[in-house]
Protein chains: 2
Amino acid sequence: MNVIRQHTDYALRLLVELGLAGEKVSAKRLSRSAKVSYYYTAKILQTLRGAGIVTSTMGKCGGFSLARPPREVSLATVVGAVQGPVRLNQCLMPVRPCQLRDRCPITGAMARVQKQLDDSLEAVTLADILEAQQAGVKRKHQNRRGT
Amino acid sequence: MNVIRQHTDYALRLLVELGLAGEKVSAKRLSRSAKVSYYYTAKILQTLRGAGIVTSTMGKCGGFSLARPPREVSLATVVGAVQGPVRLNQCLMPVRPCQLRDRCPITGAMARVQKQLDDSLEAVTLADILEAQQAGVKRKHQNRRGT
DNA sequence: TATATATAAGACTAAAATAGTCATACTTAG
DNA sequence: CTAAGTATGACTATTTTAGTCTTATATATA
């Protein structure tokens, strides 16, 4: 089983493309460059807009762009927005916490792992991914020149 | 969505009960003390046995017990045995890794988070949970004496 | 040996989550 | 006014999850 769902993965791809473009891009163009179906792209972009991660302009020549600098968009933000917060187990869900929580010896250990996971997801930002992308492209070019 | 599924949570409860008992216990008794349906308990115990986490003896007076000391049973072990390894996203699945992996800028970040999650799950053992349980019981008794 | 009490193995079902499509309405540049 | 875009939500198929139940096998003991 995957912690990160398919559409969250798509969301990340779309955000990477948006970040690389650095300007307003239409859903259609995004769907092509990110290799995600147009309809699904449109849907995911709506979610991202609702979460304030991207902004949109309607009408002809409309499109989407990043609402904030890539450094301020963490993995935790995107995952939380698209598929909801990742909880280790039911007891740690904000709503309806386990009744036995106080007496349960497992909760403590879980909460610690949860904290570490949260921190890990918070630590990675879209900027990191974009930098990795650019480094990758650069390396590729160097390799080309090398051969 | 929860990373840890219901039956994995049950498995942990069952293992805690087994650890507390410190001796062979029947599935029926375990199902009662862990508050898990008998049938489901039996099924989960089979999985745990298959993974070598518990041992069983058949027939009348049969039952289950821990196959190893609690210190050697990590959260990662239990989770992996019951619900399969936790992967952050599809690309990181051992089988059928993403075709674009080499060129994908997201994979690197994911792999790092995955590593941290693995480490977190590996770090917690059944012994930790049992100790927490005993500490909890002790504190409760102290409170009782206090009042 | 008969029987009661266990585990072993897997078929089966219902409900929920996931992934994705599509139809329709609204907005705006030209 | 129309072409090119976003906005919204209904709808469906598939997969996963959770859980039950049936049947078979093993063994202690009366």
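Naming convention: chains lettered A, B, ... in sequence-line order (proteins, then strands); numbering from 1 in each chain.
Whole-Å rounding puts the B:I44 CD1 to C:dA9 C1' distance at 15 Å. For the pair A:R29 CZ and D:dA4 C1', the interatomic distance rounds to 14 Å; values are reported in whole Å. The separation between B:K24 atom NZ and C:dA6 atom P is 10 Å, rounded to whole Å. As rounded to whole Å, 16 Å separates atom C1' of D:dT15 from atom CD of B:Q83. B:L45 has its CG atom 10 Å from the C1' atom of C:dT7, to the nearest Å. Atoms NZ (A:K60) and C1' (C:dA29) sit 6 Å apart, rounded to a whole Å. Going from atom CD1 of A:I4 over to atom P of C:dA17 covers 20 Å, rounded to whole Å. For the pair A:D9 CG and C:dA19 P, the computed distance is 10 Å after rounding to whole Å.
Salt-bridge formation is detected for the pair A:R71/A:E131: a Lys NZ or Arg NE/NH1/NH2 atom is positioned less than 4.0 Å from an Asp or Glu carboxylate oxygen. The existence of a salt bridge linking A:R5 and A:D9 is excluded, since no basic side-chain nitrogen approaches an acidic carboxylate oxygen closer than 4.0 Å.
Atom-to-atom distance recorded for A:L66:CG and A:L130:CG is 8.0 Å, nearest 0.5 angstrom. In this structure, B:T41 OG1 and B:L30 CG are separated by 7.0 Å, a value rounded to the nearest 0.5 Å.
Across all strands, A:Q46 comes closer than 4.0 Å to base atoms (heavy-atom distances). As judged by a 4.0 angstrom heavy-atom cut-off over every strand, A:G59 is placed among the base-contacting residues. B:Y38 comes within 4.0 angstrom of a base, heavy atoms only.
At a threshold of 4.5 Å between non-hydrogen side-chain atoms, the residues A:K43 and A:Y10 do not count as touching.
In terms of position on DNA chain C, the residue among A:H7 and B:M58 whose nearest nucleotide sits closer to the 5' end is B:M58. In terms of position along DNA chain C, the nucleotide closest to B:A42 lies nearer the 5' end than the nucleotide closest to the other residue of the pair B:A42 and A:K43.
Which of C:dT28, D:dA18, D:dA28 sits closest to the side chain of B:R5 comes down to D:dA18. If you check C:dA4, C:dT21, D:dA18 against the side chain of B:Y40, the one that comes closest is D:dA18.
A close approach under 4.0 Å does not occur between any side-chain nitrogen or oxygen of B:S26 and OP1 or OP2 of C:dT5. Within the 4.0 Å cut-off from OP1 or OP2 of D:dA7, at least one side-chain nitrogen or oxygen of A:S56 is found. OP1 or OP2 of D:dA18 has not a single side-chain nitrogen or oxygen of B:Y39 nearer than 4.0 Å. Taking 4.0 angstrom as the limit, A:S37 places a side-chain polar atom (N or O) nearer than this to OP1 or OP2 of C:dT21. One finds a side-chain N or O of A:R49 lying less than 4.0 angstrom from the OP1 or OP2 phosphate oxygen of D:dT8.
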